[in-house]
Amino acid sequence: MDWGTELWDQFEVIERHTQWGLDLLDRYVKFVKERTEVEQAYAKQLRNLVKKYLPKRPAKDDPESKFSQQQSFLQILQEVNDFAGQRELVAENLSVHVCLELAKYSQEMKQERKMHFQEGRRAQQQLESGFKQLENSKRKFERDCREAEKAAQNAERLDQDINATKADVEKAKQQAHLRSHMAEESKNEYAAQLQRFNRDQAHFYFSQMPQIFDKLQDMDERRATHLGAGYGLLSEAELQVLPIITKCLEGMKVAAAAVDSKNDSQVLIELHKSGFARPGDVEFEDFSQPMNRAPSDSSLGTPSDGRPELRGPARSRAKRWPFGKKNKPRPPPLSPLGGPLPSALPNGPPSPRSGLDPLAILSEISKSVKPRLASFRSLRGSRGTVVTEDFSHLPPEQQRKRLQQQLEERNRELQKEVDQREALKKMKDVYEKTPQMGDPASLEPQIAETLNNIERLKLEVQKYEAWLAEAESRVLSNRGDSLSRHTRPPDPPASAPPDSSSSSNSGSQENKESSEEPPLEEGQDTPIYTEFDEDFEEESASPIGHCVAIYQFEGSSEGTISMAEGEDLSLMEEDKGDGWTRVRRKQGGEGYVPTSYLRVTLN
């Protein structure tokens with residue numbers, strides 16, 4: 001069934017229907033355009049939201065970035081940002097494949113519809129013109145017939161009139177014959193015009209207009225099909241990004257599951273562990289007993305064995321601020337000689353006799369008090385603390401970690417400079433063999449600068465190694481002090497000294513501390529750093545990140561490795577300035593590939 005047969009007389013209905021179809025197409029294009037604007041605004045707001053909640057400081061300078069909670073939150077923000085990118089992609093697809101194409105198609109349909117209706121109206125005008133000509137010939141035939149009949153009646157009347165002359169009768173007969181001949185010609189013309197009009201009318205209703213209607217029907221059906229495809233593009237644009245959006249949602253679930261409270265607690269310990277020994281017991285200071293002096297005035301505050309009692313708890317009295325406000329340590333009371341009173345020593349009242357001079361005792365006390373006060377000031381972290389190169393302003397544990405980080409950075413820089421020197425030497429050899437490629441002397445300044453950098457970095461590495469060994473000894477010494485004073489110590493390393501709390505009396509315990517602590521610090525400097533070196537070498541052999549191949553590369557030369565586009569690789573060594581990066585494939589195999597062919601992500 002087609003419009004030309006069934007709707008042959010519904011020209012106005014077809015005209016209204018095709019116009020409605022084009023209006024619907026334009027309305028859908030407008031709807032998709034506004035939907036695109038909504039998607040773009042939504043994506044923009046999501047990106048602004050992500051930007052608002054992203055940390056202002058870089059990750060390497062932000063200690064909070066080491067917590068799994070913060071890392072998961074940043075991953076969620078990244079997934080939301082990727083989700084916003086997918087909404088922008090939806091908006092772009094709708095704008096290009098729906099709005100632009102359908103708008104262009106709508107204009108084409110309007111031009112085609114206009115052409116078909118102009119053709120139909122011309123056919124109607126031609127038919128109406130033929131009908132007017134038919135009516136004119138019909139009226140002329142009717143008029144000529146009346147004129148002929150009138151002339152014939154006039155001739156017959158004159159012929160019967162006896163008073164009429166023969167000339168009048170002949171003239172009337174000629175006039176009647178002329179009118180009769182004109183009526184006959186009008187009849188023939190009317191008949192021909194009628195036959196022509198009937199033929200044109202049959203052609204109009206059975207051939208010309210049905211063809212135009214069929215063309216309009218085909219145009220409208222094509223428009224409806226194209227509009228249906230546009231409806232499908234609306235959902236297809238969503239389905240195209242649905243896998244990526246699903247990955248974003250899965251990434252959010254993974255980020256939520258990655259929150260590790262135990263690990264965050266351990267990270268907090270690693271970030272803020274001071275490494276100081278815990279404070280000892282506060283000794284009773286008996287001010288009720290008068291100061292006993294020997295006749296020689298040389299027995300001030302010394303035990304019977306002639307050695308000042310400087311126990312561990314006395315060293316920790318200045319660090320008793322685990323909670324609350326950190327007040328400055330109160331100095332011990334001074335004697336008239338300018339030093340602390342013997343009763344301020346943590347081991348109770350002094351012995352009545354001593355074999356040491358009071359000035360010697362004051363010297364020992366000053367040696368034990370001054371470093372503790374300095375350490376106390378560094379622990380407080382006040383605004384007046386001066387940041388030193390060896391990080392001595394930090395607690396021992398934090399100092400060790402910072403020194404270790406600086407040492408690793410210097411080793412990496414040193415390795416990079418060494419690789420650069422080797423590359424410059426190779427380039428110089430090439431220039432010497434093939435002078436047309438370049439002047440070998442032009443590389444001498446760069447080589448000299450590289451050598452200077454290597455020497456400077458070696459000195460810095462040695463300096464940081466010495467500081468690190470000293471910090472390691474200090475940390476282990478503090479652990480030993482803490483173990484000797486507390487029955488419930490933290491988990492010590494395998495090299496920790498044995499607990500000496502099983503001694504029978506405090507005097508023997510002091511002798512053990514004084515005899516065992518120096519060997520502990522001296523004997524563990526070298527092994528501690530040796531273990532650090534071994535760990536550093538093992539870590540350097542493991543991947544330092546991962547990368548994705550952006551382009552395909554065929555490793556045909558020696559030392560290179562082939563990779564396919566989109567392949568995931570393990571990053572073994574960063575670019576040293578020569579444009580090559582060492583990677584490892586998951587299937588096995590290790591080699592160099594161009595750095596510009598990779599998208600690198602460091603651990």
Side-chain angles (χ1 to χ4, degrees), residues 32 35-98 232-272 539 542-551 563-572 574 583-588 598-603:
V32 174
R35 164 73 186 280
T36 300
E37 294 175 354
V38 170
E39 292 288 352
Q40 291 174 346
Y42 178 46
K44 183 179 180 181
Q45 291 178 359
L46 284 179
R47 290 194 182 277
N48 291 336
L49 182 65
V50 171
K51 184 178 180 181
K52 177 181 177 181
Y53 284 94
L54 280 175
K56 306 302 180 184
R57 294 184 294 176
K60 62 179 182 179
D61 298 334
D62 189 5
E64 297 176 354
S65 63
K66 297 182 180 180
F67 294 98
S68 62
Q69 308 166 49
Q70 179 71 2
Q71 294 172 1
S72 297
F73 181 61
L74 293 179
Q75 185 177 353
I76 289 176
L77 290 179
Q78 182 62 39
E79 298 296 345
V80 173
N81 191 61
D82 295 342
F83 179 80
Q86 297 306 308
R87 302 319 306 175
E88 291 177 346
L89 183 60
V90 169
E92 182 180 357
N93 290 337
L94 292 179
S95 177
V96 174
H97 298 99
V98 178
L233 289 175
L234 193 64
S235 59
E236 186 177 350
E238 294 285 348
L239 292 175
Q240 286 179 354
V241 301
L242 188 59
I244 307 299
I245 292 178
T246 304
K247 289 184 179 180
C248 293
L249 299 178
E250 292 176 354
M252 294 181 186
K253 292 178 63 177
V254 171
V259 176
D260 189 349
S261 57
K262 298 294 184 182
N263 182 70
D264 286 353
S265 299
Q266 187 64 30
V267 169
L268 183 65
I269 293 173
E270 295 295 331
L271 285 177
H272 300 286
E539 291 177 359
S542 61
I544 62 175
H546 67 278
C547 50
V548 179
I550 305 176
Y551 308 104
M563 63 180 180
E565 182 180 354
E567 183 177 358
D568 291 332
L569 305 166
S570 298
L571 180 63
M572 306 304 298
E574 291 186 83
V583 298
R584 178 188 296 167
R585 302 183 66 179
K586 292 184 178 179
Q587 298 82 358
L598 300 174
R599 182 170 66 251
V600 178
T601 303
L602 295 176
N603 290 336

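It should be emphasised that the depicted structure is a prediction, and the values quoted were computed from it without experimental measurement.
Between Pro55 and Leu74, the shortest heavy-atom distance links the atoms CD-CD2, 3.3 Å. The two residues Val50 and Asn81 have their closest heavy-atom pair at CG2-N, 3.9 Å. Here the closest non-hydrogen pair linking Tyr53 and Phe73 is O-CE2, 3.9 Å. The heavy-atom pair separating Ala549 from Leu598 by the smallest distance is CA-CD2, 4.1 Å. Shortest non-hydrogen contact noted between Gln75 and Gly251 is NE2-O, 3.5 Å.
For the side chain to side chain donor-acceptor pair (under 3.5 Å) condition, the pairs that include at least one residue of residues 82-91, sequence neighbours left out, are Glu39-Arg87, Arg47-Glu88, Gln78-Asp82, Arg87-Glu238. Applying the salt bridge (Lys or Arg N to Asp or Glu O under 4.0 Å) test to every pair with at least one member in residues 252-264, sequence neighbours left out, gives no pairs at all.
Looking only at side-chain heavy atoms (C-beta outward), Lys586 and Asp568 come within less than 4.5 Å of each other. Considering only heavy atoms from C-beta on, Arg585 comes within 4.5 Å of Leu569 through its side chain. A heavy-atom distance below 4.5 Å is not found between the side chains of Val583 and Met563. Side chains of Met572 and Pro543 form a contact here, defined as non-hydrogen atoms less than 4.5 Å apart.
For Gln240, the side chain to side chain contact (heavy atoms under 4.5 Å, CB included) criterion is met by Asn93, Glu236, not counting sequence neighbours. Residues satisfying the side-chain hydrogen bond (donor to acceptor under 3.5 Å, both in side chains) criterion with Gln266, sequence neighbours excluded, are Glu270. Not counting sequence neighbours, Arg599 has no partner by the salt bridge (charged side-chain N to carboxylate O under 4.0 Å, His left out) test. Residues meeting the ring-ring contact (aromatic ring centres under 6.0 Å, His included) test with Tyr551, sequence neighbours left out: Tyr597.
Formation of a donor-acceptor pair under 3.5 Å by the Asn48 side chain with backbone atoms of Lys44 is found in this model. Side-chain atoms of Ser68 never come within 3.5 Å of backbone atoms of Val259 as a donor-acceptor pair (strictly under, hydrogens ignored). In this structure a side-chain-to-backbone donor-acceptor pair under 3.5 Å is missing from Gln70 to Phe67.
Between the CD1 atom in Ile550 and the CD atom in Glu565 there is a gap of 9.5 Å [rounded to 0.5 Å]. Here the straight-line distance linking atom CG of Leu242 with atom SG of Cys248 works out to 10.5 Å at 0.5 Å rounding. One distance of note links CD of Glu79 with OG of Ser72; it measures 11.0 Å at 0.5 Å rounding. The line from CZ of Arg35 to OG of Ser95 is 13.0 Å long, rounded to the nearest 0.5 Å. Of the inter-residue distances, the one linking Leu602 atom CG with Ile544 atom CD1 reads 6.0 Å to the nearest 0.5 angstrom. In this structure, Leu49 CG and Leu54 CG are separated by 9.5 Å, a value rounded to the nearest 0.5 Å.
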*Decide yes or no on side chain to side chain contact (heavy atoms under 4.5 Å, CB included) for Leu94 and Leu234, but give the supporting numbers first.*
CA-CA 7 Å; Leu94 292 179; Leu234 193 64; 3.7 Å; yes

